[in-house]
Amino acid sequence: MSFENLHKETEKLLTAEVDKIVTQFEIGPEKLDQLTAHFIEAMEKGLNPDLSKDNSRGLPMIPTYVTGKPNGLEQGILMAADLGGSHFRVCSVKLNGDHTFTIEQLKSKIPEELLDDDNVTSEELFSFLARRTRAFIKKFHPEVFANAGKPNQESLKMGFTFSYPVDQKSLSHGTLIRWTKVFKIKDTIGKDVVELFQQQLDDHGMDMIRIVALTNDTVGTFLTHCYQTGDHETMTGEISEPVIGCIFGTGTNGCYMEKIENIKKLPEDTRNKLLSEGKTHMVINTEWGSFDNECKVLPTTKYDIDIDQKLSSNPGFHLFEKRVSGMFLGEILRNVLVDLHSRNLILTQYRTHDQLPHRLKTPFQLSTEVLSRIEIDDSSNLRETELSFLQSLRLPTSLNERKNIQRLVRVISRRSAYLAAAPIAAILIKTGSLHQRYHGEVEIGADGYLIEYYPGYRSMLRHALALSPIGTDGERKTHLKLSKDGSTTGAALCALVASTA
Ligand code: BGC
């Protein structure tokens with residue numbers, strides 16, 4: 001066969017193989033029905049220990065001890081600290097009492113050595129957080145140190161947003177169940193993260209700061225969304241109600257308000273006490289990243305299995321997150337490309353795996369940002385894709401390869417957005433929110449770079465909601481609102497609640 005014919009044949013084979021992969025990533029209405037029904041079942045099991053013998057790999061459904069929604073009239077100045085995927089933020093938040101707030105903040109990148117090294121200790125991580133807090137106080141509130149030790153010095157109330165699964169036993173205490181996303185520090189597991197942070201604040205001369213509330217980023221986002229909007233009228237004159245807070249960023253997760261009487265995992269005396277105080281609902285942090293860890297209904301390709309088993313720090317857990325969140329979309333594409341290369345279907349100029357550019361061989365080096373550029377590339381000959389691959393991976397590509405890469409990108413992101421619709425539909429159904437009022441309009445406060453920046457992500461998610469059991473009617477009544485940076489302000493709202501409780 002001539003070289004030209006051989007080349008054409010390889011092109012055809014690549015396209016045919018990508019056709020097959022595309023099919024494996026597709027999700028239709030039937031799958032959405034299954035996923036939604038299974039999510040509802042998983043929520044019930046997670047709330048009620050009697051329904052499942054061992055829920056250790058099930059949906060965590062964590063009670064947060066947040067029993068009310070802010071209405072926007074809250075006032076006060078509070079501190080907030082927020083440990084997310086790659087950054088740590090310390091802030092002082094002024095809640096103005098009119099749905100608005102002002103924030104002063106110091107944002108720091110988590111140093112690589114705290115992420116990569118298996119030998120890092122909790123003390124090193126929390127000492128870093130304390131040192132950044134100190135730098136913040138020095139810069140924005142030097143009077144705090146000037147007044148240190150003086151009689152009557154008031155303590156500063158801090159809310160701590162910690163965006164990892166914790167077993168929460170009260171509004172201000174919780175032990176880490178497991179790390180997700182980028183951290184691996186073993187000795188933090190099972191420890192109270194508030195105590196670890198408070199200890200370091202004290203040791204670094206900041207005992208005037210008291211951490212009074214621990215919250216998850218989804219809960220923070222939800223509370224901030226409630227604070228900013230409250231129950232408010234939509235353009236059609238309907239009252240629309242905040243129902244879910246969620247994140248689609250490096251990780252993914254969602255929270256909602258559940259009836260206290262349904263939260264059977266709460267000790268009975270706690271449940272009765274709350275009910276006798278007139279509390280009816282509590283925010284539940286679902287930790288939906290861990291939905292269907294048993295893979296009963298989750299669509300699974302060999303790439304998902306490899307990423308979970310060989311490349312992630314928590315194999316067997318957070319399998320939904322590994323198909324949905326921003327940390328994994330680029331990694332899925334990278335795995336597909338390496339596989340196609342091993343079968344001589346793509347990038348054939350590199351004869352062996354070893355010859356591939358280093359960045360293509362290195363896990364998590366293909367970022368979701370690159371995918372977002374390819375997703376909407378309509379330049380001639382997919383020039384934008386060509387440049388993105390050259391810049392990010394030092395990888396030259398042919399036009400046919402780029403066409404197939406674009407198809408892969410689009411099907412990976414669409415699967416993520418379609419999967420994202422399932423827990424949302426499930427929560428709306430379980431809570432009956434779409435039928436609570438005459439027209440049952442609901443709001444979802446969402447944050448994270450997929451929702452904010454990934455081209456078409458929100459439309460794909462909406463489209464999937466329409467295909468899900470809530471149908472086009474439910475989708476129309478669901479308002480997906482960006483609640484930017486809500487996670488940190490939410491910690492301040494929690495701290496306010498805790499200090500006035
Ligand atoms: C964590 C959640 C968090 C989500 C979004 C997940 O990996 O388990 O606690 O809310 O990421 O940041």
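The shown structure was predicted, so the numbers you read here are calculated from the model rather than taken from an experiment. In each ligand, atom 1 is the first atom listed, and ligand 1 is the first ligand listed.
- Of all the heavy atoms of Thr252, the ones lying under 4.0 Å from any atom of ligand 1 belong exclusively to the backbone.
- Annotation: atom 10 (O) of ligand 1 to nearest protein heavy atom, Asp217 OD1, 2.5 Å.
- Contacts of Arg131 classified as salt bridge (Lys or Arg N to Asp or Glu O under 4.0 Å), with partners at least two apart in sequence or in another chain: none.
- Remark: minimum distance from atom 11 (O) of ligand 1 to any protein heavy atom is reached at Lys181 NZ, 3.1 Å.
- Using a 3.5 Å distance cut-off with no hydrogens or angles, the side chains of Ser325 and Thr252 do not pair a donor with an acceptor.
- Those atoms of ligand 1 with a heavy atom of Ile247 less than 4.0 angstrom away are 5 (C).
- Atoms of ligand 1 lying under 4.0 Å from at least one heavy atom of Tyr164, given by number and element, are 9 (O).
- Among residue pairs with one or both ends in residues 39-66, those qualifying as ring pair (Phe, Tyr, Trp, His ring centres under 6.0 Å) are Phe39-Phe291; sequence neighbours excluded.
- Taking a cutoff of 4.0 Å between a charged side-chain nitrogen and a carboxylate oxygen, Glu294 and Arg57 do not qualify as a salt bridge.
- Distances between N or O atoms of Asn285 and those of ligand 1 include no value under 3.5 Å.
- A salt bridge links Lys69 to Glu241: at least one charged side-chain nitrogen sits closer than 4.0 Å to a carboxylate oxygen.
- Counting protein heavy atoms only, atom 7 (O) of ligand 1 is closest to Thr180 OG1, 2.7 Å.
- For the pair Arg415 and Asp304, the salt-bridge criterion is met [side-chain N within less than 4.0 Å of a carboxylate O].
- Under a 4.0 angstrom heavy-atom cut-off, Gly249 registers as lying outside contact with ligand 1.
- Each of the following atoms of ligand 1 lies closer than 4.0 Å to a heavy atom of Glu287: 1 (C), 2 (C), 8 (O), 9 (O).
- Of the protein's non-hydrogen atoms, the one nearest atom 6 (C) of ligand 1 is Glu321 OE1, 3.1 Å.
- The residue from His225, His479, Lys477 that alone fulfils the side-chain hydrogen bond (donor to acceptor under 3.5 Å, both in side chains) condition with Glu443 is His225.
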